[in-house]
Amino acid sequence: MSFTTVWQALISGLLNGAVYGLVSIGLTMIFGVVKIVNFAHGEFLMVGMYLSFALWALLGIDPLLSIPLVMFILFFFGMGIQKFFIRRVLNAPDLAQIFLTVGLSVLMINLALFLFKADFRSVKVPYVDWTFSLAGAIVSVPRLIACLGAIVFSLILGLFLLKTDIGKAMRAVAQDREVAMLVGINPERMYNFAVGISAALAGAAGGLTMSFYFVFPTVGVSFVLIAFVIVILGTLGNIKGAFLTGLIVGVAESVGVLFVGADLGLAVVFVILLLTLAFRPGGLLGKA
Amino acid sequence: MQRSDSGNTRGKIERYLPWIGLLVVLILPFLIPLFFIHILIMIFLFAVLGSAWNLIGGYAGQLSLGHAAFFGIGAYTSTMLLRSYELSPWIGMFFGGFFAVVMSLVLGIICFRLRGPYFAIATIGLAEVLRLLALHFRGWTNGAIGLTIPFKGDAPLLFQFSSKIPYYFIILIFLAITLYVVRRVEKSRLGNYLLAIGQDQDAAEALGIDSAKAKRRAFYISSFITGVCGSFYAQYVYFIEPESVLGLGLSTQIALVAILGGVSTVWGPVIGSVIIESLTQFTQYAFAGTIYGLEQIVYASFLVLVILLRPTGVIQWMQNFYNRILQGISKSYASRS
């Protein structure tokens with residue numbers, strides 16, 4: 001195995017990893033604020049990709065340019081899911097919460113199947129095969145844009161949570177719901193925002209990947225499984241942890257594939273998860 | 001007088017009703033069409049799986065989303081032993097159960113310290129690794145093409161029957177044994193330990209309960225039953241492939257049967273299975289091949305609706321319904337006499 005192969009794997013891994021990170025921070029944020037594990041998170045991504053595809057197919061808007069609009073729509077879509085479904089099981093047993101989101105996931109996948117059939121769809125943009133060479137590794141331009149976009153959106157989220165009033169209120173609810181209520185924060189509203197923002201970020205990830213990836217009804221499933229591994233390794237509720245672990249998992253997957261073959265890439269990710277949890281039950285960054 | 005008389009007849013009916021129910025399930029397969037026998041077999045199969053899952057996910061409160069791992073191990077073990085060594089699945093099924101127990105040991109080492117979602121996602125990971133390995137090692141498992149069971153016609157010694165009725169009675173016996181085991185566990189010290197762990201693991205440990213040991217024992221029973229069911233399924237449908245016997249979809253369906261019916265109860269998973277399996281089979285029968293995804297849309301909407309209305313399962317409803325029927329019968333009986 002030459003140095004170039006490993007270097008190439010490292011670069012591709014980082015490019016994928018940033019997108020994984022963007023999908024994962026939404027998932028970890030819902031857990032941090034609303035305290036539920038959202039099994040339908042991958043479907044937010046799927047809806048975002050279909051929106052992005054539809055805007056390109058019907059109006060000819062480039063998927064990168066339509067990202068703000070996709071995020072806007074997904075924000076309200078996420079809020080609706082919270083308002084009409086998740087809110088009703090917040091005091092129910094964990095089992096019911098998880099199965100509500102599983103049910104929503106199956107429902108959304110099959111609505112997509114109903115509307116768009118099982119076909120793989122992709123957009124055609126002029127820059128899809130632009131590449132350049134970085135010290136021997138080939139870098140794909142759309143993937144690089146996706147990676148940079150993911151970093152930018154993650155930073156914006158970080159700033160939003162640190163600097164704005166709503167961001168601070170959301171962190172307060174995540175830390176202690178009762179105390180947050182005492183200082184006049186309405187937790188229900190923060191839950192709506194958290195799920196809305198999380199869906200918007202998944203939508204952004206959809207728009208960023210649409211230029212070089214296919215969309216099909218179950219596209220979210222493979223993403224969400226990796227995102228679960230990432231949020232668990234990065235400790236549930238930890239946004240910085242989720243993004244960093246996203247990069248690590250991206251690299252681990254693409255380097256692992258060099259050793260075991262492409263069809264076991266996901267298995268590498270899961271084995272890393274299981275080995276880490278065997279020694280550190282709280283995740284990489286959590287308490288041992 | 002009237003009241004105590006009515007109470008007396010009610011007690012009598014309550015005593016006889018289970019036997020009438022048993023008689024019905026014993027005669028039923030000879031009276032109904034083939035398709036309904038198939039539905040009943042699937043109902044019983046998932047009732048067994050849900051009951052086995054209930055020991056871990058219900059009583060002990062450990063949300064396993066990886067039970068397909070045990071099922072798949074059972075299915076692949078008996079099938080591969082049959083294909084390679086012509087070993088009868090009647091024996092292979094015990095090997096399947098045994099290897100599923102070995103798998104539960106591996107799971108225990110990794111997962112028993114994990115809580116809540118960490119445990120759930122680790123169990124998904126374990127089952128997914130098995131599924132991906134089964135897809136990868138084509139030399140053994142035929143990958144995504146799957147393995148077929150060589151058809152021998154009516155061969156009871158090889159667990160093969162041309163009629164569905166023997167399968168019906170085999171899975172009915174499995175169900176009876178499983179319900180008996182769950183009932184025994186529920187009444188035993190282990191059952192109390194599991195309930196305590198499910199309520200609050202730290203408090204249970206503070207009282208001196210060895211939580212890892214209790215979970216391990218519950219997992220032995222649960223994984224063995226699930227593995228044996230895997231062998232049964234392989235013999236019943238004559239074909240297995242990684243997605244259907246090791247996939248996440250199967251794991252969630254097993255858990256769902258118990259959750260929808262009502263966890264930590266003996267009959268909850270049975271009721272859940274009756275509802276979910278008849279719904280799946282019905283929607284498949286009614287909508288399959290008409291419009292893409294419609295069957296699953298109906299199915300998933302129903303699930304979401306039930307969970308929103310009854311987050312703790314439908315068993316309470318069923319119990320009220322059962323009581324009302326008993327009351328109705330005893331009242332009409334009393335008024336007539």
Side-chain angles (χ1 to χ4, degrees), chain A residues 31 36-37 39 84-85 88-89 91-118 217 221 225 228-229 231-233 235-236 260-261 263-283 286, chain B residues 57-58 61 63 65 106-107 109-133 135-136 138 143-144 248-249 252-253 255-256 258-260 263 291-313:
Chain A
F31 184 82
I36 66 149
V37 181
F39 277 79
F84 293 110
F85 298 103
R88 291 167 201 274
V89 293
N91 298 319
D94 294 359
L95 295 175
Q97 295 178 349
I98 287 184
F99 269 89
L100 174 74
T101 62
V102 169
L104 287 175
S105 157
V106 177
L107 190 58
M108 282 195 253
I109 289 173
N110 287 286
L111 281 173
L113 194 63
F114 177 70
L115 292 171
F116 302 101
K117 310 284 178 290
V221 177
L225 282 177
F228 275 137
V229 173
V231 296
I232 290 286
L233 285 178
T235 306
L236 270 172
V260 295
D263 58 342
L264 285 182
L266 197 57
V268 171
V269 173
F270 282 121
V271 169
I272 293 171
L273 170 83
L274 294 170
L275 287 178
T276 312
L277 287 181
F279 296 103
R280 294 183 68 90
Chain B
L63 177 59
L65 289 176
V106 177
L107 187 138
I109 293 167
I110 299 170
C111 301
F112 277 176
R113 287 194 297 165
L114 307 175
R115 301 284 176 92
Y118 288 81
F119 181 85
I121 288 163
T123 54
I124 293 180
L126 212 57
E128 280 293 284
V129 169
L130 278 187
R131 182 180 70 87
L132 293 163
L133 289 176
L135 281 172
H136 182 75
R138 288 177 203 91
L248 182 55
T252 46
Q253 184 138 10
L256 195 57
I259 293 170
L260 193 87
V263 292
I291 302 166
Y292 275 110
L294 190 59
E295 56 183 278
Q296 293 278 319
I297 292 172
V298 175
Y299 171 72
S301 322
F302 177 79
L303 288 186
V304 169
L305 199 70
V306 172
I307 288 172
L308 286 180
L309 292 174
R310 281 279 134 179
T312 50

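Labels below follow one simple rule: chain letters A, B, ... track the order of the sequence lines, proteins then strands, and each chain is numbered from 1.
In this structure, the portion of A/Leu225 lying under 4.5 Å from any heavy atom of chain B is its side chain and not its backbone. Of the atoms belonging to A/Val260, it is backbone heavy atoms, and not side-chain ones, that fall under 4.5 Å from chain B. With a 4.5 angstrom heavy-atom cutoff, B/Val263 touches chain A only via side-chain atoms. Contact annotation for A/Ile98: only side-chain heavy atoms (C-beta onward) come within less than 4.5 Å of a heavy atom of chain B. For B/Leu256, the parts lying under 4.5 angstrom from a heavy atom of chain A are both the backbone and the side chain. In this structure, chain A has heavy atoms under 4.5 Å from both the backbone and the side chain of B/Leu126.
Across all non-hydrogen atoms, the minimal contact from A/Val37 to B/Pro117 is CG2-CB, 3.6 Å. Of all heavy-atom pairs between B/Ala122 and A/Leu273, the closest is CA-CD2, 4.2 Å. The two residues B/Gln296 and A/Val106 make their nearest non-hydrogen contact at OE1-CG1, 3.5 Å. Pairing each heavy atom of A/Pro93 with each of B/Thr312, the nearest pair is CG-CG2, 4.0 Å. The two residues B/Arg113 and A/Pro281 make their nearest non-hydrogen contact at CZ-CG, 3.6 Å.
Listed options A/Phe85, A/Phe31, A/Phe114 were ranked by heavy-atom pairs under 4.5 angstrom with chain B; first place goes to A/Phe114. Here A/Leu274 is the residue among A/Leu100, A/Leu113, A/Leu274 with the most heavy-atom pairs under 4.5 Å with chain B.
A distance of 7.0 Å separates OG of B/Ser301 from CG of A/Leu111, quoted to the nearest 0.5 Å. Annotation: the span from B/Leu132 atom CG to A/Leu266 atom CG amounts to 5.5 Å, rounded to 0.5 Å. A/Asp94 CG to B/Leu63 CG: the interatomic distance, rounded to the nearest 0.5 Å, is 8.0 Å. The CD1 atom of B/Ile121 sits 5.0 Å away from atom CZ of A/Phe228, with the distance rounded to the nearest 0.5 Å. Expressed to the nearest 0.5 Å, how far CZ of A/Phe99 lies from CG of B/Leu303 amounts to 9.0 Å. Taken to the nearest 0.5 Å, the CG atom of A/Leu264 stands 6.0 Å off from the CG atom of B/Leu133.
In this structure a side-chain-to-backbone donor-acceptor pair under 3.5 Å is missing from B/Tyr118 to A/Leu277.
Residues B/Glu128 and A/Val229 are not in side-chain contact: their nearest non-hydrogen atoms beyond the backbone lie 4.5 Å or more apart. For the pair B/Leu135 and A/Asp263, the minimum side-chain heavy-atom distance is 4.5 Å or more.
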Is there a side-chain contact (heavy atoms from CB on, under 4.5 Å) between B/Leu308 and A/Val89? Walk through the geometry before answering. CA-CA 7 Å; B/Leu308 286 180; A/Val89 293; 4.1 Å; yes
For B/Leu248 and A/Phe39, what are the C-alpha separation, side-chain angles and deciding distance, and is it a side-chain contact (heavy atoms from CB on, under 4.5 Å)? CA-CA 12 Å; B/Leu248 182 55; A/Phe39 277 79; 5.8 Å; no
